[in-house]
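Working notes, beginning with the structure itself.
The basis for the numbers below is simple: all heavy atoms, side chains too, and nothing from hydrogens, waters or symmetry mates. Remember, it's 1-based here, ligands and their atoms both numbered in the order they're listed.
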Amino acid sequence: MQTPERSHSVRLAAHDDLAGFKAAVRRLVAQQLPPAAVQWQMAGDGDLFDDAPPPEPAAAPAAPFRLPAEMVALLDHAALHADPGRFALLYRLVWRLLAEPGLRDDPLDADRLLAERMARAVRRDMHKMTAFVRFRPLPGARHMAWFEPEHHTLVATAPFFARRFAQMHWAILTPGRSAHWDGQALAFGPGARREDAPGPDAGEQLWLTYYAHIFNPARLKPAMMQKEMPRRYWKNLPEAQLISPLMHAAAQRSGRMVEDGASDPQHRRPAASIALRLDQRPLETAAPGTLAALRLATAACRACPIGQHATQAVHGEGRPGAALMLVGEQPGDQEDLRGQPFVGPAGQLLERALQQLGWPRDALYLTNAVKHFKYELRGKRRLHKTAGQKEAAACSQWLEHEIGLVRPRAAIALGATAARSLLGHAVAVGEARGRWLRRADGLPVLVTLHPAALLRMDTPDPGAAFAGWLADLRQATPIMATDEDPADRLPQHDRRHGATGPGGLARRAI
Ligand code: URA
C-alpha cells in the first residue's frame, strides 16, 4: 500500500507543549487532514526533519470538539511520553475515534493499547518525581533540586510541589526544563545541567544519619527495594550511597538482633528524642524508601499536636503493589490502642462490605489520612474529634509517601477528610460519591462515604444505605481483577457531573 505524502507539518513549541498539540489537533481535524498527511516537529529539532514540509504559518484557532472524557485524559498523559512518535500516534487515535466511535469500547486496539501504555509510563514517572525529588537548601531560604525524569513530566508534576511546599521558594531543575515557585506562582524555564544544582549540605548529613538509623536489616528485601526505588534514580538520591554498605552489613546486623533477643514493648512512645532529630532534618528530604522505614518516621512525627496525646501512630496496613488503597479519616479509639487501622466499629462495617464485595483484605492497602487519634476526654471516655485542616495537611506527607511506596492502581476516599487529603481540595462527598476523580499525578480516586457516617446515619432504612454504599464501592471491583486504569474504563465515571455524550458517557472538550 502506498503511504500518502506528508503534505502538512506541525511544529510544536516544546516537548511538553500539550496546549499546542491540542490546538494543532483541533486545526487539523477542522481542515480534515488525515494523520498520514501530517508531519510532527518540535522547535529546535528542525535539522532532524530536513525533508519535512515547512511548518504552516499559524492559522486561526479552530473550535474545540468533544471526545470521551477518558480519551482526553489519555491524551493529556500520553502526550508527555518521551517517544518521538507519540504525537503522530495520538492524532491518529483522535482521528479514528471521530470516525469509529466503537473504538472506545475496543480495549485490544493496537493504537489504544500503545497510547495507554505510554500514559501509564508517564503517570509512573510523575509518581517517581513526587517521591524522589530531594531539595537542597540555598542561601536566602531557597531550595533547589535536580531530577532526571524519563518523560516530559515536570510541568505536569510541578503543581504537586507547589501545593506541598507552598511556603518554600524552590526550583526543580531537569535536563529539559526547570520549574520555579516563589510562594505565589509557578514559572517554567529552560533545562539545566546537574552541575547547576547545589551539592550535599549539612542537613543532608542529618538525613543520612537518620536513614542509616531507621534501616532495618531484618526486613531487607533487595528485589522489592529496587522495584520501588529503581536504580536509575539512585544517583540523585542522597540516601542511595548508604544502600550498598547497609545491605552488606545487613546479614551481620540481623544475626546480632536475633542473638540479642526481644526488647520490652513500649505502650507509649517516648517521642521527644526521635522528634528532635526529625525536627533538625529538613522536612522536605523525608522520603523513606520502604514501608517499614515510613512506619518509623510516621511514629515519630510531631508536625501537629495530635501525636502527643495518642497512644501511637497508626500506620497503613497492606503490601506494596496492592491494587487498591482505601483511605479513612483517622484511627479511632480501638485503632489507637491496637495500632491497626479499621479494627473498631467502623472497621467492622468495612469488613462486612469487603466480604460482600469479595475483596480479599490482603489485596488492599488500608490507611488513614491522619495517622494519630484526635479525641476529647469526657470523663474516662475518649471521644473522636475530627482533625482540623491544618492537622490533616501536616499529615498528608505520610499518605503521599504511602502512595509512592504502595503504588496502588486506584484509591478510595472514605469520607471528606480522605477526599481532601487525596485530591488536595475540598470535595462535597454527598455529591461526588460514586464518582471517579483523578489526582494531579493521575491516580484515580473513587469518593464515597466513611463507614462511620453510615453508622451514624439517621435513616429509616439502614439496609438501603448500606446497599448504596456497596454500590459505590463496587465500582472499584474491576481494579482487583484487571490491570486497567479504572477511570479510563468505568462507565460510571463522572456520571453525575459534567457534560455527557451519547449513552450517558462523559465527554470533554479538546
Ligand atoms: N475510622 C477511620 O477513618 N479509620 C480507622 O482506622 C478507624 C475508624
- Message: Is it the case that the side chain of Asp182 and the backbone of Ala185 share a donor-acceptor pair, with hydrogens and angles ignored and the cut-off at 3.5 Å?
- Response: yes
- Query: What residue and atom, counting heavy atoms only, is the protein's closest point to atom 8 (C) of ligand 1, and at what distance?
  - Reply: Gln330 O, 3.8 Å
- Message: Distance under 4.0 Å to a non-hydrogen atom of Pro341: what atoms of ligand 1 satisfy this?
- Response: 6 (O)
- atom 4 (N) of ligand 1 - nearest protein heavy atom and its distance: Asn368 OD1, 2.6 Å
- Query: Any N or O of Phe342 that comes nearer than 3.5 Å to an N or O of ligand 1?
  - Reply: yes
- Message: Do the side chains of Arg177 and Asp16 get close enough for a salt bridge, i.e. N-O under 4.0 angstrom?
- Response: yes
- Is Leu454 close to Pro462 at the side-chain level, that is, under 4.5 Å between some pair of heavy atoms? no
- Would you mind listing which atoms of ligand 1 come within a distance below 4.0 Å of any non-hydrogen atom of Glu329? 2 (C), 3 (O)
- Task: Would you tell me which option among Lys371, His384, His450 has the nearest heavy-atom contact to atom 3 (O) of ligand 1?
- Result: His450
- Record the part of Glu335 in heavy-atom contact with ligand 1 below 4.0 Å; permitted values are side chain, backbone, both and neither. side chain
- Query: Between Val133 and Phe161, is any pair of side-chain heavy atoms under 4.5 Å apart?
  - Reply: yes
- Query: Can a donor-acceptor pair be found between the side chains of Tyr365 and Glu402 at a distance below 3.5 Å?
  - Reply: yes
- Main-chain N/O of Gly321 paired with Arg407 side-chain donor or acceptor, under 3.5 Å: no
- Query: Short list, please: which atoms of ligand 1 are under 4.0 Å from a heavy atom of Gly328?
  - Reply: 3 (O)
